[in-house]
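Note that the coordinates shown come from a computational prediction; the quantities given were computed from them, not determined experimentally. Reminder, nothing fancy here: chain letters follow the sequence lines and each chain counts from 1.
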Number of protein chains: 2
Amino acid sequence: MKAGRCMARATGKSEAVYERLKGDIESLRLRPGAKLSEVQVGEELGASRTPVREAIRRLARDGLVDFVPGEVARVAPISLGGVRALFEFRMLLEPRAAASVATAGAADERVLVPFRDLLKRLEEFDESFGALDAGAQVRSYTKFYDVTESFDQAVIAACRNPYLARTIRDLRGQTVRLRHLSHSGPRRMLNSLEEHRAMLKAITRGDAQAAEAACRHHLAQTLQALIDNLTSQDLTFGRDVQVDITG
Amino acid sequence: MKAGRCMARATGKSEAVYERLKGDIESLRLRPGAKLSEVQVGEELGASRTPVREAIRRLARDGLVDFVPGEVARVAPISLGGVRALFEFRMLLEPRAAASVATAGAADERVLVPFRDLLKRLEEFDESFGALDAGAQVRSYTKFYDVTESFDQAVIAACRNPYLARTIRDLRGQTVRLRHLSHSGPRRMLNSLEEHRAMLKAITRGDAQAAEAACRHHLAQTLQALIDNLTSQDLTFGRDVQVDITG
DNA sequence: CGGCGGTACGCTGTATACAGGATGGTGTGC
DNA sequence: GCACACCATCCTGTATACAGCGTACCGCCG
């Protein structure tokens, strides 16, 4: 393989490297603080430096990589302060987005379709969950995450303000990584499920205020669970220079 | 000049190209819809494709360039819908930031220093402005913009939440470009001056609620002025495919 | 004269080459 | 034994080469 084809869209190397690295970072296979040398990553993933370079820049924009011009890029550390700041910011954006969707849904039924669908999926999941034994419950987490993932996506898609949508989307990577980190057991999951149901019901009802409140509550609960886990599991994550930005 | 030095920080080619293009776009020297070919820009600015590429990607993040993978990058068009969406988003972020700064200032006097300073500069400017003839007034716009610019910078710097700060900063490019577009005459400027004074007073007083309201008011007024100008001056800007994103 | 096909150009994506710093380890001097 | 300096190594920034893809212009045919 000498030179690359343009192809861009479907098979683009840059995109592939980006997705791969993103997945590895979100799943914590790449630990916070890990060095991301362009050449090394390139060799490992069978790509040249150029696409790797671009992928790393994009990951930096997503907040998953700490990038300083002359230095080696590193997987962004996870700090308590950083998590708090992230959720404080999400608390500003996402409740507003949820409210906006509820309002839009009240005016145009069509935007509610995916949300009614999600609500149904959620109810089905809820009903079947209790019947499972502990092992099967843990395995079903993935399915639940799929629903929450779809919910987030649906909100972004339904968001009428492109700036708001993009900013929320840009934060998703960090959110996903943190979720993979909080193995909070079934209790937190059931609570989260209930919170999602509340959000979905408010949105499909067209109740903007309730949707906003439900979203805010969900974020607050998630943050609390995350803090509990981060402080109990001593976080060896990101032992490298830990500039806690929020103070 | 064969190959480049690393130097990065001070003389970095990529940074230079970025700043240059950014300035040209903000000042409308590069018109909305203009094509930005990597090779062409590179030749014009005496840089190779690599730094140009990176600069264009960064400008896309700033919302000043529309970038689609396989295609030629273009200077982002200016649409009424886009401007509305931008300001709607700013209305979500900046009042919160202003309030946050006011709160922080009430707890720690030191964060107020730059704001007291700005307030003084503003008062001085205000006093001297009336004495000028029309021509000198127009020339003094630059000085006023300096103050507003410094104000925005100061808010960003004082912002405790790095996510909020970064997002506001990322929007600055578009804001600046729009400002260069609204030659609203002295009346709008004097109003803006008054609005800034209100924000500064609220912040230095430590009154978060007033700061938030003042900021909101300022943004609403600015948007209104902008809309007036955009609709009166028929905006030939961005005649290329105008996907108005906000509907 | 209008529609259509072919060709030439330009563009991006990718790969690779080269030069200058930054970093980390090792050896030496105090 | 410790601190400092030197050196090897790696890594990034930049430049350039090559391959495919789209487009636009031009000529040809109906």
Decide salt bridge (Lys or Arg N to Asp or Glu O under 4.0 Å) for A:R58 and A:D62; before the verdict, give the C-alpha distance in whole Å, the side-chain angles of both, and the deciding distance to 0.1 Å. CA-CA 6 Å; A:R58 276 218 272 165; A:D62 293 341; over 6 Å; no

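- Side-chain nitrogen and oxygen atoms of A:R74 include none within less than 4.0 Å of the OP1 or OP2 phosphate oxygen of D:dC11.
- Residue A:K35 has no polar side-chain atom (N or O) positioned under 4.0 Å from OP1 or OP2 of C:dT23.
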Before giving the answer on side-chain hydrogen bond (donor to acceptor under 3.5 Å, both in side chains), spell out for B:S79 and B:R84 the whole-Å C-alpha distance, their side-chain angles and the decisive distance to 0.1 Å. CA-CA 9 Å; B:S79 73; B:R84 279 213 174 88; over 6 Å; no

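- Relative to the side chain of B:K13, the nucleotides D:dT14, C:dT14, D:dT12 differ in distance, and D:dT14 lies closest.
- OP1 or OP2 of C:dG13 has not a single side-chain nitrogen or oxygen of A:S14 nearer than 4.0 Å.
- Across all strands, A:L36 comes closer than 4.0 Å only to sugar-phosphate atoms, never to a base (heavy-atom distances).
- Heavy-atom neighbours of A:R57 CZ from other residues, nucleotides or ligands within 6.0 Å: above the threshold of 12.
- Not one side-chain nitrogen or oxygen of B:S48 sits closer than 4.0 Å to the OP1 or OP2 atom of D:dT14.
- Using cut-offs of 30° and 60° for the angle between ring planes, the A:F151 and A:F115 rings count as perpendicular.
- Cation-pi geometry between B:R166 and B:Y163 is not met: the NZ or CZ atom fails to fall both under 6.0 Å from the ring centre and inside 45° of the normal.
- Both A:A73 and B:T50 sit near DNA chain D, but only A:A73 has its closest nucleotide nearer the 5' end.
- Interface remark: the A:R53 side chain does not form any donor-acceptor pair with the D:dG13 base, using a distance-only criterion of under 3.5 Å.
- Across the protein-nucleic acid pair, B:R49 atom CZ and C:dT14 atom C1' stand 9 Å apart, rounded to whole Å.
- Where the helix from C:dC1-D:dG30 to C:dC30-D:dG1 starts and where it ends, the local axes point in directions that differ by 0°; five pairs per end, rounded to 10°.
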